[in-house]
Amino acid sequence: MFKYAITRKPGRSMVAGLSEAELGLPDYENALLQHQDYVNALKECGLSVTELDAVEEYPDSCFVEDVALMTPHCAILTNPGAESRRGEVGHIENAVRAHYDVVERIKSPGYVEAGDIMMVGDHYYIGLSERTNQEGARQMIAILEEYDMSGSVVEMSEMLHLKTGLGYLEDNNLVACGEFLTKPEFQKYNLIEIDQADSYSANSVWINGTVLVPKGFQNTVKSIEKLGYKVREVDVSEYQKLDGGLSCLSLRF
Ligand code: CIR
């Protein structure tokens, strides 16, 4: 079960965020409304949410998931592979330290963005993406092992982050699309296949028995409801324009 979440409001600078989506620029006022509904959804799932102020200097800083990994035993500040995002780590540190006595850190030349990390119990899958490199994954696994957890790397080539195409819903249920459907390491899970056309909804998030699903993907909603979960749809279309999904907008722990 999760108790807490940390989020950060987007700044007006979000229009300058990194994006390959070609969906146009986000509308800031609508992004703020969507963000508030996202925070409400986290609260509905029972989380106590720390809502951080916008940091205009960093256009992608609302995507807090990428800058820290929160485990039950320690927090790990990452070192984003995207140079324009590295400074976001300093801005999240105090909020992380407010919850953790033990805070570790990934150091250059190791790079990790935690959108590339999927937690399954005490094991952490780490995608080797354009943002997370071998050395970053090596450091991350060494830290996890120090605290009696484990990690393994996942080769990937199609998506921005590992969790762009994967969402673990607990109870052995794994939502997946694209290249992840055929990865040997995921065959032991009950794979819920997401069509390419609905791939954005593979980034669905389990929180205390409820699954947050991005709005507009009825097939995904049905498949997840069939497994017995309660579904809460959240409209994050303004963030999709910046390649950001549901999970990216919070740290949950
Ligand atoms: C970026 O490209 O870094 C941001 N525009 C989107 C980050 C999305 N984060 C995530 O998937 N964990």
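Everything quoted here is computed from the prediction, not taken from an experiment. Atoms within a ligand are numbered from 1 in the order they appear, just like the ligands themselves.
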Exercise. In terms of the angle between their ring planes, are His99 and Tyr4 parallel, tilted or perpendicular, with boundaries placed at 30° and 60°?
Worked result: tilted
Problem set entry | Aromatic ring pairing Phe63/Tyr239, orientation class (parallel under 30°, perpendicular over 60°, tilted between) |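 Rings of Phe63 and Tyr239: perpendicular, over 60°.
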Identity and distance of the protein heavy atom lying nearest [atom]:
{"atom": "atom 10 (C) of ligand 1", "answer": "Cys248 SG, 2.8 Å"}
{"atom": "atom 11 (O) of ligand 1", "answer": "His161 ND1, 2.8 Å"}
{"atom": "atom 4 (C) of ligand 1", "answer": "Asp60 OD1, 3.3 Å"}
{"atom": "atom 9 (N) of ligand 1", "answer": "Asp66 OD2, 2.9 Å"}

Exercise. Which is it for Arg85 and ligand 1 at heavy atoms under 4.0 Å: side chain, backbone, both or neither?
Worked result: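 The part of Arg85 near ligand 1 is the side chain, not the backbone.
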Exercise. Using a distance-only test with no angle check, is there a side-chain donor-acceptor pair under 3.5 angstrom linking His161 and Ser129?
Worked result: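 Not at all, the side chains of His161 and Ser129 share no donor-acceptor pair under 3.5 Å.
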Exercise. Hey, is NZ on Lys215 packed in by over 12 heavy atoms from elsewhere, all under 6.0 Å?
Worked result: no
Heavy-atom contacts with [X] under 4.0 Å: which atoms of ligand 1 show up? List them by number with element.
{"X": "Asp243", "answer": "6 (C), 8 (C)"}
{"X": "Leu242", "answer": "4 (C), 5 (N), 6 (C)"}
{"X": "Gly115", "answer": "12 (N)"}
{"X": "Glu65", "answer": "12 (N)"}
{"X": "Arg131", "answer": "1 (C), 2 (O), 3 (O)"}

Problem set entry | Check: Asp148 side chain, His73 main-chain N or O, donor-acceptor pair, under 3.5 Å |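 Pair absent, no side-chain N/O of Asp148 close to backbone of His73.
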For this session: Return yes if some donor-acceptor pair links the side-chain N/O of Asn203 with the main-chain N/O of Leu246 below 3.5 Å, else return no.
Result: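 Here the side-chain-to-backbone pair exists.
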Exercise. Looking at Phe186 versus Tyr125, is the centre-to-centre ring distance below 6.0 Å?
Worked result: yes
Exercise. So is there a nitrogen or oxygen of Phe63 less than 3.5 Å from a nitrogen or oxygen in ligand 1?
Worked result: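 No, Phe63 has no N/O under 3.5 Å of an N/O on ligand 1.
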For this session: Please say whether Leu18 places an N or O atom under 3.5 Å from an N or O atom belonging to ligand 1.
Result: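 Yes, there is a polar N/O contact under 3.5 Å.
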For this session: Could you check Ser250 against Tyr38 for side-chain hydrogen bond (donor to acceptor under 3.5 Å, both in side chains), going step by step and ending with a plain yes or no?
Result: CA-CA 9 Å; Ser250 61; Tyr38 180 84; 2.7 Å; yes
